[in-house]
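Data first, discussion second: the structure below is written as structure tokens.
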Protein chains: 2
Amino acid sequence: MALDSGRGRPAAGGSATISDVAQAAGVSRQTVSNVLNAPHRVRPVTRERVEQVIAELGYHPNRVARSLRASSPGMVGYRIQSVSTESVAAINDRFLHALVEAGQAGNHHVLLFTAADTDAESDHCTALWRTGAVSGVVLYDIEPHDQRPERLIAAGVPFAAFGRTAAGTDRYSWVDIDNAAGTEAAVDHLVAAGHRRIGFLGWPEGTSVGDARARGWLAAMDRHGLLAQSHRLDVRGPDAMSTGTCLMAELLDRPEPPSAVVAATDTLAVGALQALRDRGLRAGEDVAVVGFDDTAAASALGLSSVRQPIEEVGRLIMAELLRATSGPSDLDPLQRLLEPELVLRASG
Amino acid sequence: MALDSGRGRPAAGGSATISDVAQAAGVSRQTVSNVLNAPHRVRPVTRERVEQVIAELGYHPNRVARSLRASSPGMVGYRIQSVSTESVAAINDRFLHALVEAGQAGNHHVLLFTAADTDAESDHCTALWRTGAVSGVVLYDIEPHDQRPERLIAAGVPFAAFGRTAAGTDRYSWVDIDNAAGTEAAVDHLVAAGHRRIGFLGWPEGTSVGDARARGWLAAMDRHGLLAQSHRLDVRGPDAMSTGTCLMAELLDRPEPPSAVVAATDTLAVGALQALRDRGLRAGEDVAVVGFDDTAAASALGLSSVRQPIEEVGRLIMAELLRATSGPSDLDPLQRLLEPELVLRASG
DNA sequence: TCGGTCGATTTTATCGTTCAAGCCGCCGTT
DNA sequence: AACGGCGGCTTGAACGATAAAATCGACCGA
């Protein structure tokens with residue numbers, strides 16, 4: 001029988017190492033390793049003996065050592081944003097959950113960090129990658145002129161993004177929601193229900209998501225030939241419930257108020273519902289309201305809303321990142337636009 | 001000048017290693033290491049030369065290798081829960097954010113994982129610890145008869161918990177909110193405002209958080225001698241907005257309805273507000289409502305609410321966990337009860 | 001009987017870092 | 001001049017794992 005060449009500590013304080021198992025089973029470290037990673041190379045008799053010792057000692061291979069050898073940490077970085085006190089209906093937690101779940105399926109974990117702004121985020125991502133702490137990072141909520149993609153490309157950090165910039169999108173992997181199609185679907189539905197004057201509650205111009213949702217409303221209204229009588233029903237403000245209430249009130253005060261509104265987020269839509277209630281109007285009967293994101297608030301309030309397949313986005317992004325980092329070489333980056341889906345409830 | 005005994009690859013594909021720096025600066029690896037970790041041991045001239053080479057090569061010490069050597073991964077595990085579709089106002093994201101931020105301050109990162117239930121969570125925590133992936137874990141939302149603490153103690157996994165079990169709390173570190181004091185404060189405030197019939201909207205019995213909040217309401221009502229006329233104003237249901245609406249409606253239908261209610265969560269309180277509106281009653285004028293958690297929804301709706309210092313909880317838990325894992329030995333576990341604070345708004 | 005192939009296992013080297021011990025030269029002391 | 005001490009640096013070993021190469025015996029065909 002062979003002797004183990006490693007040190008002979010008998011599994012004292014910490015858990016057992018591969019050398020402990022090797023020694024106890026009377027084989028070499030490598031054979032133990034093979035039992036775990038390439039069982040077909042080991043004779044069944046030996047394998048069973050080793051497996052039994054592994055069970056007895058409660059041996060679990062050390063991830064850190066494995067990562068060092070494999071020069072792949074099995075980690076993906078993600079910046080957790082500070083919680084907004086404005087938005088009453090966010091979905092980034094759904095995204096994160098999907099990311100973690102998909103990562104786990106591919107034997108990767110998600111490592112969280114915080115950063116004050118996107119510049120600090122880029123720096124942190126770069127540092128994490130340079131120190132070998134992560135094999136790649138995930139970016140959330142990319143803006144049209146976001147600096148993050150180009151910075152990370154310059155630093156050589158592998159990444160995949162939810163959302164995309166205005167330019168250079170062919171150079172990196174992204175998954176995005178067809179936000180315009182979402183608001184278009186909302187308008188189409190409202191038109192089919194007989195509405196003609198359909199307002200839009202949106203964010204101020206300049207965000208990728210907000211602009212796309214506004215564009216969808218505009219395109220659909222135009223397609224139905226309703227722009228002439230509705231082009232002034234497009235109102236904007238920051239993403240807060242109070243904004244939704246104010247903007248809706250403003251629209252209702254018009255000489256020709258809308259009979260329906262499409263909101264860029266559930267937060268704005270919930271605010272709009274409030275404005276209706278303040279005037280004794282009933283959502284869905286007097287005025288139809290459609291939100292965006294299908295949050296818990298929407299389902300609780302019976303608010304129709306456009307649902308993003310955000311879990312699917314998380315899965316795709318993680319799968320793509322793992323493919324890119326563990327894969328053999330540089331294939332074409334994934335660029336995928338997913339369709340949202342209108343969920344109908346009492347409000348419209 | 002000495003030669004470096006390590007291999008001589010000139011920093012090809014990946015980033016530079018400590019050996020590359022040593023070779024380029026004409027010193028040994030250990031000297032480079034000392035420049036970074038114990039600068040006082042290195043002569044200023046040498047130090048500057050090495051520092052310059054470090055900057056030129058863009059060298060960043062590899063965390064994985066460092067972790068292996070130090071046998072401390074610099075990671076803390078945390079289970080991210082699946083997102084509830086019921087609760088419209090959760091605060092676990094605030095907790096997680098605080099945790100990550102506090103960890104970063106102590107050079108630790110948070111590693112996320114998912115698990116179907118608390119048993120799976122315990123197993124995953126144990127596996128993460130046995131494989132050396134984390135130096136400890138954080139538990140969220142401990143129930144009275146939660147199995148997690150004792151399981152982790154049995155497995156030897158270091159942890160710190162938000163919340164505590166009914167028994168054995170002296171054996172582990174926890175931070176909890178004095179939930180009873182929160183609802184007591186709410187009742188005290190309402191009594192001072194002249195209310196006598198004060199209802200309670202809570203969860204069914206059996207949860208640590210829910211029971212404590214109910215207990216606080218009961219204790220304060222008793223202390224003010226109001227139980228006789230209000231003991232039937234305690235209604236319970238699952239934590240959903242619709243529940244809040246139903247329960248509130250039920251209370252309002254009583255022959256002697258409450259003039260104020262304390263809710264166990266903002267979700268229930270928001271539902272209650274809805275019930276008031278359905279009957280044309282005004283919150284804060286006709287009926288006072290106080291929620292719990294001070295979520296974004298509360299501030300958006302002008303709902304008075306009991307605010308948990310959850311960021312403080314996150315900071316304390318992370319600090320304690322780092323102390324316990326990196327500390328020299330087993331000091332007494334931290335056991336800390338924090339006071340919540342009543343935030344007054346228009347609803348009461 | 002000998003070279004060759006193959007399967008099972010061991011040996012060696014390596015991932016990148018840091019701890020512990022060793023070496024060398026300089027200074028001050030007696 | 002011999003010695004101890006110390007600052008500054010290098011050397012060797014170790015952390016725990018795995019890829020690649022080497023070893024060894026058995027089996028096979030010529």
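Values reported hereafter were calculated over all heavy atoms of this structure, with side chains retained and with hydrogens, waters and symmetry mates removed. Chain letters run A, B, ... following the sequence lines, proteins first and then strands; every chain starts at 1. Bear in mind the structure is a predicted one, so any value in this text is a computation, not a measurement.
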Next on the checklist: Quick check: do A:Leu316 and A:Leu338 have side-chain heavy atoms less than 4.5 Å from each other?
Outcome noted: yes
Checklist entry - B:Leu36 CG to C:dG16 P: how many Å, rounded? => result 16 Å
Could you list the donor-acceptor pairs under 3.5 angstrom formed between side-chain atoms of residues 148-160 of chain B and any protein atom two or more places apart in sequence or on another chain?
| from | atom 1 | to | atom 2 | distance (Å) |
| --- | --- | --- | --- | --- |
| B:Arg148 | NE | B:Asp146 | OD1 | 2.8 |
| B:Arg148 | NE | B:Asp146 | OD2 | 3.4 |
| B:Arg148 | NH1 | B:Glu121 | OE1 | 3.0 |
| B:Arg148 | NH1 | B:Glu121 | OE2 | 3.4 |
| B:Arg148 | NH1 | B:Tyr140 | O | 3.2 |
| B:Arg148 | NH2 | B:Tyr140 | O | 3.2 |
| B:Arg148 | NH2 | B:Asp141 | O | 3.0 |
| B:Arg148 | NH2 | B:Asp146 | OD2 | 2.8 |
| B:Arg151 | NH1 | B:Asp123 | OD1 | 3.3 |

Checklist entry - CZ of A:Arg47: more than 12 outside heavy atoms within 6.0 angstrom? => result yes
Checklist entry - Got a second to check how far B:Ser173's OG is from B:Ile317's CD1, nearest 0.5 Å? => result 9.5 Å
Next on the checklist: Test of understanding: with side-chain contact (heavy atoms from CB on, under 4.5 Å), list the residues that count as partners of A:Ala133, not counting sequence neighbours.
Outcome noted: A:Leu128, A:Thr131, B:Arg63
Checklist entry - Looking only at side chains, do A:Ser208 and A:Glu143 share a donor and an acceptor under 3.5 Å apart? => result no
Next on the checklist: Does A:Val64 reach a base, just sugar-phosphate, or nothing at all? Heavy atoms under 4.0 Å.
Outcome noted: nothing
Item to check | Set of residues satisfying ring pair (Phe, Tyr, Trp, His ring centres under 6.0 Å) with respect to B:Tyr59, sequence neighbours excluded | outcome: none
Next on the checklist: Roughly what angle, to 10°, lies between the helix axis at the start of the helix from C:dT1-D:dA30 to C:dT30-D:dA1 and the one at its end, five pairs per end?
Outcome noted: 70°
Checklist entry - Contact class for B:Ser71 (heavy atom, under 4.0 Å): base, sugar-phosphate, or nothing? => result nothing
Next on the checklist: Just the rounded figure in Å: distance from C1' of C:dT17 to CZ of B:Arg63.
Outcome noted: 14 Å
Item to check | Spacing of B:Arg29 atom CZ relative to D:dT11 atom C1', expressed in whole Å | outcome: 8 Å
Checklist entry - Listed by chain and number, what are the ring pair (Phe, Tyr, Trp, His ring centres under 6.0 Å) partners of A:His124, not counting sequence neighbours? => result A:Phe113, B:His109
Next on the checklist: Rounded to whole Å, how long is the line connecting atom CD1 of A:Ile18 with atom P of C:dT10?
Outcome noted: 12 Å
Checklist entry - Between C:dG7 and A:Arg43, is there an OP1 or OP2 to side-chain N/O distance shorter than 4.0 Å? => result no
Checklist entry - Is there a donor-acceptor pair under 3.5 Å between the side chain of A:Asp20 and the backbone N or O of A:Ala16? => result no
Show the distances under 3.5 angstrom between N or O atoms of the protein and N or O atoms of nucleotides 19-23 of chain C.
| from | atom 1 | to | atom 2 | distance (Å) |
| --- | --- | --- | --- | --- |
| C:dC19 | N4 | B:Gln30 | OE1 | 2.4 |

Checklist outcome for this item: A:Gln23 atom CD is separated from D:dG16 atom P, nearest whole Å, by 14 Å
Checklist outcome for this item: Comparing B:Leu68 with B:Pro44, nearest DNA chain D nucleotide closer to 5' gives the residue B:Pro44
Checklist entry - Can you check whether B:Leu334's main-chain N or O pairs, donor with acceptor, with B:Glu320's side chain at less than 3.5 Å? => result yes
Next on the checklist: On the nucleotide D:dT18, are OP1 or OP2 found under 4.0 Å from the side-chain N or O atoms that A:Arg66 carries?
Outcome noted: yes
Next on the checklist: Can you measure B:His60 atom NE2 to C:dT17 atom P for me and round it to whole angstrom units?
Outcome noted: 12 Å
Checklist entry - Should B:Thr46 be listed as having a side-chain N or O under 4.0 Å from OP1 or OP2 of D:dG8? => result no
Checklist entry - Any side-chain N or O of B:Thr17 less than 4.0 Å from the OP1 or OP2 oxygen of C:dG16? => result no
Next on the checklist: Output the rounded distance in Å from CZ (B:Arg47) to C1' (D:dG8).
Outcome noted: 13 Å
Item to check | Interatomic distance, B:Arg49 CZ vs D:dG8 P [rounded to whole Å] | outcome: 14 Å
